[in-house]
Each structure stands twice: as C-alpha cells, then as structure tokens.
Amino acid sequence: MLKYIALKGLLAILVAFTASLAAFLLLNVASDPAQAIAGEDATPDVVETIRIRYGLDRPVYERYLSWLAGVATGDFGESYYWHKPVAELVADRADETLTLALSALFVTILIAVPLGALAGLNPNSWIDRAALGVAVSAQAIPNFWLGLIMIILFAVMIPIFPVSGDNTWYHFVLPAIVLGASSVPAVMRLTRTGLIEVMGADYIRTARAKGFRGNALLRRHALRNAILPVISVLAVQLGQKFGGSVITESIFAINGLGRLALESILGADIPTVQMLIFVFAIVFVAMNLLADILNAALDPRIRIG
Amino acid sequence: MSALLNISNLNVSIKLPHGTLSAVRDTTITLQKGRSLGIVGESGSGKSMTALSLMRLLPRSGDFTADAIEFDGTNLLSLDDRRFAETISGPGIGMIFQEPMTSLNPVYTIGRQMTEAAVWRGMMSAPAARTKAIALLDRVGIPDPEGRMSQYPHQMSGGQRQRVMIAMTLMLDPKLLIADEPTTALDVTVQAQILDLLDDLRRERDMGMILISHDLAVVAQRTDAVAVMYGGEMIEQGPAEAVLRLPAHPYTQSLLNAIPQISGAPGRLGAIPGLVPSIMQATNTCIFAPRCAHAHAACTAQRPPSRAQGGGHMCRCVLDTPPTIVTSVTPLRASAPQPDTEPVLSARDVTRVYTSRRGMFGPKRDIRALDDVSLDLRKGETLALIGESGSGKSTLARILLGLDHPTSGAVFMGGRPVAEVAVKDRAHFVQPVFQDPYSSLNPRRRLAEIIARPLELSGHGSAAENDALVRSTLELVRLPLRLLHAYPSQLSGGQRQRVAIARALVTKPQVLVCDEPTSALDVSIQAQILNLLDDLKAEMGLTCLFITHDMAVVHQIADRVVVMLKGQVVEEGAARQVLRQPNNDYTRRLVAAAPRFEAKTEEMEIVQ
C-alpha cells in the first residue's frame, strides 16, 4: 500500500512538472513576453531594455532550468507588477480560493449525491426525470450568467446575501452555489448510474436472499460499491473548482488565486502566471492522487492485486 | 413424511416494452422434508423464474400470483415483504446462484459477508458467528478457513467462491436450499465436487433442496424427483428414475435424445427442430405441439391437462400412452479417417510465454501458457482438445490460426512453416468458429455480408461468384436462403452458430478450429450443431480441431483426443481409447468427473 502511494506520488510530481514546462513554453515562445510587458505602443528600444532587465534575452531552456532551480528552493521569482516574491503573493491569496473551492464542492455533494441516489433507486420515475431536468439545466446554464442572476435575485431584489467581497463566510454562499452548480450534472449522473448498476448486481441479489432489504441493504452492500466512481469524479471536480475560481472570483470580487491569475495574465506578470499554473497543476494532480488512494482504501481489488 | 414446500398454480409475468411475457404458468410443486427436487429445462423455460418468485427476488418488472404457497407450515402469501425477509429469506430458504464470480460483494472480506446476516439478525454474537463460519468453511472444503476469513472474493478461484457461497447460505441453517445452476460456470472436475458437497450437506442437515439445471445428467444423479419445464410450463414431473428412464412427455424424450452420451457407440443426436417459445398471451393449446413429432389435431384443440401416470408421475400431454420407443440408433454419417493420413496442420515444440507487469513499475512475471506442445491434425479427422480453463487450449488455437506467434517452436500449414504462408492464403487454409455466437457476429451486418466478408478480404472472385458461394454455404449449414438479408439479432443461438460456421466455411478452408462452439447453447441446439459437424465431415471430409471441456461431446464427435494441463500435453490418443482407459491421472479425473446419465440409448429412438 505504501509503495503504491509512493509510486502514484512520484507519477503525480512528474505530471505537474510536465504541465509547468508546457505552460512555460506557451508563455515564452508563443508570444514575446518583453513586448507584452512593455505594452503595444512601446518603442523597440524600451522593449529591448525590458528584455535585458528581466533576463528575457537568455535562451528559453536556460530560463526554464533557472526557474526549476528556483522552484526547488521555494523561490518562484518576483512579481513584475507587485514587486514582491510570487510565493508570498500566492500564499496570501490561497485562503480565499481554498474556502471557495471546498464550499463549492460541498454544495455539489449536497445537491448531486442525494438527488443522484434518489434517481438511481427509482429509475424512470418522476423523481428520476426531475433530477435529469436539474442536471440538464445546470449543464446548460453558463457560470457567469448564473452568477449575475444570483446577484440580482438574492443580493439586489431580495437582499439576503452581500453582492461581493470575501470578509465573512456569508460572502461565500452565493459564489459557492454558483461554482458548485457546474459540477452537479456530472456527479449526479455518476451517482445515479453507479447505484443502478450496483442494485442490479449479483451480490445485491445474494444479500437480498440473506434477508437484507431497504436501508440495511443499501448501507451494507450498495453504498461502498456505488461510491467508488463518484470519488474519482469528485476529485477531478475539486481540481476544476480551482480553475473555475477565475470567473467566479471576478464576478463576486473575491481576492483569491483566480482573480490573481486573471490580473497577472492581463498584466503580463509572467512569474505569477507561471507559479499559479504550477500550483493549479499540483492541486489537480494531488486531487487525482487522493482519489486513487481513497479508491484503493475502499476497494480491495486495487489494494490487493 | 410431511410437505416442506407446496406451490400450487404459480404464474409469473414479466412486463416487457412490447407486452407481458408469461414466464411461468400454472406450475405446481411439492417437496417433502429432506428430499431433493431437480428442475430441468432449456433457457427460457421458466425454471429460474420459478425459484426467484419463491424467494421474492423477481426483477422489478416481474410479478407473480399463486393459489397457494406453503412453506414449512407457513402460508407465504400472507406474509408482507418485511416479514418475508425477516423469517424466510435466509433461515427459511437459502439460495445459491449461478455466477460465483459476481455473487459475492467484491469490497468486503469473506468473513464479514459470512457472518453479517447472522449477527445483524441477532441470531448469534459476532465471535460465535465467526467460530461457526470457520467451521462451515472447513466443512465445505476450504483450506486454511481461518486465514480465508480476512481475504476478499477476488483472491479465490471460482470453485472456492461457490464453496464460500454454500457455506454462507448454511450460516442461517435454512430448511430449504435452492441451487440455481450452481456449477454451470465451473470446470468439470470442480463441478462434480460441488454437486457431491451439496448432496452430502443435504443429507447431513436433512435439508430440502431444489437443484435447477439445464443439464439432465446433473439432475439425474442427485435428486429424488425431477420436474421438466418447457416454455414456462411444468410439462412432466415425477420420481427421478421414472422421468429419466421412462419419460412420458415427447419433449422430455426428445431432450434426452439430444444429449450426447459418454458410453456406447456414438450415434446421431435427436435434435429438436424449432425454438423454445416465449409465450406473450394465454394459450389454449399444447405449447410443445409446433415442435412435437407426435402432434395431432387434439394437441391444438385444447390445452392438455396434467395427468397422472402412476407413482406420482405427472405429464401434460394428450397421448394416453407414451410414444413407443424402439431399439435402434442412427449411426453417425461420417466414418473415421484412415489412420496415418498426412498432417495438414501441425505444431512443433510450441512454447508461448506471456510477460506481464503489475502496474507500471511492478516486477516482470512470466506465464508459460504453452510449454513445448507438439500436435498433428490429420486430414479428415476431428481432433478434440480438452482441458480445464487456463490449460492453454485457446492459446494453442490462436497460434494454430496464425493469430498469435509462439515464443519458440513452429507451426506448419500443409507442411510449410506458417511464416511462409501469406496471410491471405491462411484464410483459405484455416478458419475459426468461436464460443459465443451472440458476440462473435457483427450485429450491424446482414448475414450475406457477414458470410461474404472473408471472400472480400481475400479479394478473390467476382461479386456474382461470391454471392453464389455464400448461397451454397448457407445451404451447407442448413440455413434457409430467405435469411440472407436478416441481421444476427433476428436469429436464435443455434442459427447464429450456423452462420459462424458458414462464415468459416465460405473460403473452403482445409481446417476448422472450433473453440467451445456449443458450450453457450442449449442441449437441443447443441445437438443440431454437432449433427451438422457430422454432416460436414461426411460430405466434404472436414478436418476439425474441436476445443471443449465436455467429455460426452468428445465421445460424440472426436476421432482423436489431446488432453492439456497447465500448458502441456499430458495425453494423446484415439478418442475411444482415452475415454475408456485413460493413462494419465488428470485425464482419469476429467473422465470420472463428467456427469453421466446412463440412459439406455438404444431404446431412445422414437417411432413416428
């Protein structure tokens, strides 16, 4: 088991570095960073000065290697815009995004899992169709639109929640619902099909033949089997929450990593963008790793080959 | 003796998108305490539905009614689902299912699954349940039962899982045990052990037992009474001896006649024409009449009543006396080939090693699927390749077909090394027929396309020539030409397997490699296919490598036998010789384990 985790962890780190390399190449090769920093109207002289000042005249591989060397010592460079170490900047803002992502995931689980379970236990009933309706709507509605509608409905017309900001947990309610809604369809469908499949399995028939029924049957024989695929998808969804925070944080003016990412991209703050991509990649990979470990813990077929 | 179970006029209906299927009709069963009843029938006969409705395990769309169901003095119809689950499911009636690989929950330990029901019901404490479970595992023949308690189902073989299922069911001390095809998914040697175990346990515990099987031989050996089901009706019922030795219903007679025997001279099998019907509406005729050799006007005028034949033997047929039986058997059409004809397909010292890794970084492991195997397939002979699952039969077949390459050793086609034979020419030399005709035919293509495909791929002949070939091949396998434009889904299992054989024969190959071609089929359908292979051998001198695990089929069809064990050939010889006097220990066990029903074959021919 420990060996399994160690191997998966090693693989995860490799994936994260591959992602960072891809990001680095995109930022540095696909466009001219010096030009981006200087702005479109800058004269070639200014651009050249910037290029030398930020060390952008060195070859790409050399810059990537020195960035890697920095990462190894926890030094992600200095922000061009804020003139602070990027690591410090990211650490300051991580709290808000983490809160938002986790509460969004909580919203997803709260809606999707019970709804999916009800639908899965009563396939083709009215409740199944209603759940499907919810899923299709949630899939079809764009995130930013839902955000604006929620602000109009629950912050302006019926002022229950604040319009924007990140000072109290109260501020996070609407953003969490908006960000969480986007994951509801995938998680709900998987819960539904998982339960339908499990309830039709031979071992459920065996358990019935032993006299289990209703809740006891569900609790003792169906839940663990049905939850296995859901865990994997929840982990991926949590990774996506970090990505999704870019839009949601901007709408609700939350000072988190998502907003920082948007500002840095607009301001060509390359060291910040580079670190954020690396952090998001690590989160994504770490979540998948966590899902693998959880699955192995719950499923002996993975644990004991 | 008092009755343990009394079911009268059970009806099961299943709602389907296009109507209601009447899966079981007016079925009456009586079982005495401590006795065993076998329910026999082909797929779709309603035998499993009968058991599932008794256990209230019918699918959502299913429903049942009955005049009475009495179990051990309780009227089961008066119990609601909760009371039924509390008092009957488990401690009253225990059930074992067909698929031991999937019937245990993969994520919980054997120990938890064994003990949970007894503890949850408050029948005993956890430590007491554990002690009992270990004792039962020991009783059913699981080595190291204490260690096994903490293992998971996937760490055990199919036979062991079925033993665990049996032990688990016995934890609640049921008064009646229902075993629904308990050994169908298992190897022959394991099959015999499990059936013996069930029989011993029944006697020890004075349990009632219902053994459901499609295999008459299995039932004949182990039960006191037998009920034969057909198309949802119980058409014959009585003491096992009487039903199997002196069957009264023409269907039972035909079914017995369709089973290959393991002794005596092999003869043509009595294939039953037509298909098992699915009854969508109430009928007032005999349901077997369309396929019955003795049908006359009275059969379709009314539904035959269930009539007593004496000695508790009941039969649903209008005939007063059973159809007469004479002592003759039609011999096989094909004769054995001349000995020592030249080999057409040979394997020389073939070894196949598979290398696998556990995960991405795991250590390499070598599995020797074939170990130094040599074999000659001679012109015009049928060579049976037998052995249990994992013995390397199918790997050898793939290598002989040129679908896989040996790690070392060589394959010769018509005397030439296989590497020298162009891929296109191989198709004209050897063709496969696979086990499951439900998955080996492309569902989106018409029969004409399926059968013509090998011709197209090898690029021979004009469209007209190919079409003529397809038509003549269809006739060769006894399929009507009107099916040329049908899709596989419109055919029965037997018809599909004929299509698979036609597809293989269309290039006029010298050799057919059949991998378990009848094990997915019902006995009456198997008889049709085995007779067809006999015809093909007689008419075109077909050379055939026939992979099977069924000894009776070997006896029926094979000239020679090769026995494989763990990738090695352990015995080889004339079929008669090997079946009668096996030299190898393993072969002896295989032959001994084959279920046999010593019907007097000579008497089984029915006069029209």
Side-chain angles (χ1 to χ4, degrees), chain A residues 1-12 14-15 120-125 128 194 196-229 231 292 294-305, chain B residues 51-52 54-61 81-110 112-114 116-118 120-121 123 150-155 164-165 168-169 171-172 174 177-178 180 358-362:
Chain A
M1 188 69 193
L2 273 176
K3 198 175 151 209
Y4 175 86
I5 295 175
L7 287 174
K8 286 277 180 188
L10 187 67
L11 212 58
L14 285 176
V15 171
L121 291 175
N122 307 286
N124 300 322
S125 64
D128 187 16
I196 289 179
E197 200 184 304
V198 167
M199 290 311 281
D202 288 346
Y203 53 81
I204 290 295
R205 192 179 54 185
T206 306
R208 278 190 212 278
K210 289 196 285 186
F212 288 109
R213 60 193 292 278
N215 278 335
L217 180 69
L218 210 59
R219 215 176 49 245
R220 284 172 172 268
H221 277 281
L223 228 47
R224 187 139 152 198
N225 303 66
I227 213 75
L228 288 172
I231 285 175
D292 280 345
L294 272 175
N295 266 325
L298 289 173
D299 189 346
R301 285 167 297 181
I302 300 175
R303 199 167 58 223
I304 315 159
Chain B
L52 291 178
L54 176 60
M55 285 297 278
R56 301 205 186 170
L57 290 174
L58 283 176
R60 261 170 200 277
S61 53
D81 284 352
R82 172 186 291 271
R83 289 283 300 158
F84 185 88
E86 280 168 9
T87 57
I88 304 299
S89 311
I93 311 175
M95 190 159 176
I96 299 163
F97 302 95
Q98 177 172 356
E99 290 296 337
M101 302 313 252
T102 53
S103 289
L104 291 168
N105 195 327
V107 304
Y108 296 117
T109 60
I110 301 297
R112 184 194 140 136
Q113 296 189 57
M114 294 263 318
E116 64 167 355
W120 179 69
R121 286 165 175 277
M123 288 165 74
S150 56
Q151 287 198 330
Y152 292 91
H154 73 273
Q155 294 169 284
V164 169
M165 268 298 289
M168 189 168 85
T169 313
M171 280 295 289
L172 300 176
L177 185 64
I178 303 176
D180 187 358
R358 176 161 297 172
M360 223 165 145
F361 307 97

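From a predicted model like this one, the values you see are computed outputs, not experimental measurements. Throughout, protein chains are lettered first and strands after them, A, B, ... in sequence-line order, and every chain is numbered starting at 1. No hydrogens, no waters, no symmetry mates; every other heavy atom, side chains included, goes into these values.
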Check your understanding: What's the shortest heavy-atom distance between Tyr108(B) and Arg220(A), and which atoms?
Key -> CE1-O, 3.0 Å

Check your understanding: Do the side chain of Asp202(A) and the main chain of Thr102(B) share a donor and acceptor less than 3.5 angstrom apart?
Key -> no

Revision key, fill the gap. For Pro300(A) and Pro106(B) the tightest heavy-atom approach is CG-O, 3.2 Å

Exercise for review: Under 4.5 Å heavy-atom distance to chain A, tell me which part of Met171(B) shows up: side chain, backbone, both or neither.
Suggested key: neither

Point to revise | When Met95(B), Arg56(B), Gln113(B) are compared by non-hydrogen pairs under 4.5 Å with chain A, the top option | key: Gln113(B)

Review point. Between Leu52(B), Leu57(B), Ile93(B), which residue shows the highest count of heavy-atom pairs closer than 4.5 Å to chain A?
Key: Leu57(B)

Review point. Checking Thr206(A) side chain against Ser103(B) main chain: does a donor-acceptor pair fall under 3.5 Å?
Key: yes

Revision key, fill the gap. All heavy atoms of Lys210(A) vs all of Leu172(B), minimum pair found to be O-CD1, 4.0 Å

**Study point:** Residue Ala201(A) versus chain B: region with a heavy atom under 4.5 Å
**Key:** neither

Exercise for review: Among Arg112(B), Gln98(B), Gln151(B), Arg82(B), single out the residue with the greatest number of heavy-atom pairs under 4.5 Å to chain A.
Suggested key: Arg82(B)

Practice item. Tell me, for Met101(B) versus chain A, whether the close heavy atoms (under 4.5 Å) come from the side chain, the backbone, both or neither. Key: neither

Exercise for review: Could you pull out the closest heavy-atom pair between Trp120(B) and Ala216(A), with the gap in Å?
Suggested key: CZ2-CB, 3.4 Å

Study note, to complete from the structure: Counting heavy-atom pairs under 4.5 angstrom with chain A, the leader among Asn105(B), Ile178(B), Thr109(B) is Asn105(B)

Review point. Could you give the distance from CZ (Arg60(B)) to CG (Asn122(A)), rounded to the nearest 0.5 Å?
Key: 6.5 Å

Exercise for review: Locate the shortest heavy-atom distance separating Leu298(A) from Val107(B); write the atom from each residue and the value.
Suggested key: O-CB, 3.8 Å

Point to revise | From Tyr203(A) atom OH to Glu99(B) atom CD, the distance as rounded to the nearest 0.5 Å | key: 14.5 Å

